[in-house]
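In each ligand, atom 1 is the first atom listed, and ligand 1 is the first ligand listed.
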Amino acid sequence: MTSYIILLGPPASGKGTQAGNLRDHLNLAHVASGDLFRYNLKNETALGLKAKAYMDRGELVPDDITIAMVLDRLSREDCAEGALLDGFPRTLPQAEALDVALANKGVQINRVLNIHVPEDALIERVTGRRLCRTCGEPYHIKFKPPQKEGICDLDGGELYQRDDDTEATMRNRLKVYWDQTSPLIEYYRAKGVLVDIDGAQSIDHVTEDLKAAVADL
Ligand code: AP5
Ligand code: MG
């Protein structure tokens with residue numbers, strides 16, 4: 001059976017961190033729209049340069065660009081058995097486009113994991129976040145420090161801060177989340193696929209709750 005699982009939650013709620021912990025357990029490809037944009041930006045593609053202005057302001061990249069990029073990614077071989085979606089969908093038109101694309105393949109979203117974290121904790125998480133320039137692994141200076149300061153544990157890559165991880169941009173990202181993304185909670189709850197997860201626990205506890213929430217798939 002295929003499994004399409006969405007990690008839904010505000011910026012810095014732990015979607016990327018938890019996808020890293022879950023993807024091997026579930027044997028699913030990790031499809032993260034933000035990572036796809038950052039990959040394009042690093043390689044200076046037209047798509048990356050177009051997305052940059054929106055990302056730097058903490059706004060959403062327009063739906064048509066985002067939907068085309070993610071559906072293309074989902075059509076690749078490693079998504080044949082499903083995918084762990086992180087950061088997509090983020091608007092109702094994106095969710096509807098995903099439903100149509102999956103229905104055309106005779107499949108559907110199996111579960112949406114809705115990660116809750118209080119807003120003050122999100123600000124602390126985002127300002128202390130560091131990422132590996134090579135593999136994208138997320139760290140936190142207080143909550144998940146690397147063994148060697150500034151160096152990725154996995155591949156020795158240099159750690160950096162995202163341009164949009166300032167407190168001011170984060171405030172806008174949170175506003176955008178509440179305005180445009182949070183309606184998806186009720187959209188998926190009405191379909192009976194949503195599970196609420198307490199994301200304010202330690203990283204390992206959240207992983208355990210997420211594993212339990214998909215254990216039947
Ligand atoms: P994107 O890259 O998706 O960013 P985001 O949604 O804002 O989410 P983050 O990546 O900031 O957070 P996360 O939930 O992955 O948290 P993480 O695990 O890193 O999007 C960036 C931009 O791209 C958008 O603003 C937009 O412009 C564009 N974009 C992307 N998708 C789009 C779409 N679908 N449509 C339109 N535009 C789109 O954790 C955060 C920190 O907290 C880390 O330091 C981590 O170590 C730490 N941490 C994690 N869990 C815990 C825990 N339990 N306790 C303590 N610390 C923790
Ligand atoms: Mg992320």
Query raised in the report: For G16 and ligand 1, does the shortest N/O to N/O distance drop below 3.5 Å?
Result: yes
Report summary line: At under 4.0 Å between heavy atoms, what of T17 touches ligand 1? The answer is both
Query raised in the report: Any N or O on S13 sitting closer than 3.5 Å to an N or O of ligand 1?
Result: yes
Query raised in the report: Under 3.5 Å, N or O to N or O, is V61 touching ligand 1 that way?
Result: yes
Requested in this report: Give a yes/no on ligand 1: does R162 have at least one heavy atom closer than 4.0 angstrom to it?
Outcome: yes
Report task. Would you check whether D86 has a nitrogen or oxygen atom less than 3.5 angstrom from a nitrogen or oxygen atom of ligand 1? Result -> no
Query raised in the report: Do we get R130 above Y139's six-membered ring, with its NZ or CZ under 6.0 Å from the centre and within 45° of the axis?
Result: no
Query raised in the report: Any idea which atoms of ligand 1 are less than 4.0 Å away from a heavy-atom of Q94?
Result: 33 (C), 34 (N), 35 (N), 36 (C)
Requested in this report: May I ask you to check whether K144 has an N/O atom sitting below 3.5 Å from an N/O atom of ligand 1?
Outcome: no
Query raised in the report: At a non-hydrogen distance cut-off of under 4.0 Å, which region of S202 contacts ligand 1 (side chain, backbone, both, or neither)?
Result: backbone
Report summary line: The answer for which part of F37 has a heavy atom under 4.0 Å from ligand 1 is side chain
Query raised in the report: Quick check: does F88 get an N/O under 3.5 Å from an N/O on ligand 1?
Result: no
Query raised in the report: To which protein heavy atom is atom 33 (C) of ligand 1 closest, and what is the distance rounded to 0.1 Å?
Result: R90 CD, 3.3 Å
Report task. Give the atoms of ligand 1, by number and element, whose distance to some non-hydrogen atom of R38 is under 4.0 Å. Result -> 2 (O), 21 (C)
Query - Verdict with supporting geometry, D164 and R162, salt bridge (charged side-chain N to carboxylate O under 4.0 Å, His left out) - result: CA-CA 5 Å; D164 59 345; R162 270 169 47 178; 3.0 Å; yes
Query raised in the report: Would you say Q201 touches ligand 1, if touching means a heavy atom closer than 4.0 Å?
Result: yes
Query raised in the report: If you measure every N/O of G128 against every N/O of ligand 1, is any gap under 3.5 Å?
Result: no
Report task. For ligand 1, note which part of E59 has a heavy atom under 4.0 Å away: side chain, backbone, both or neither. Result -> backbone
Report task. Say whether G14, considering both its backbone and side-chain N or O atoms, lies within less than 3.5 Å of an N or O atom on ligand 1. Result -> yes
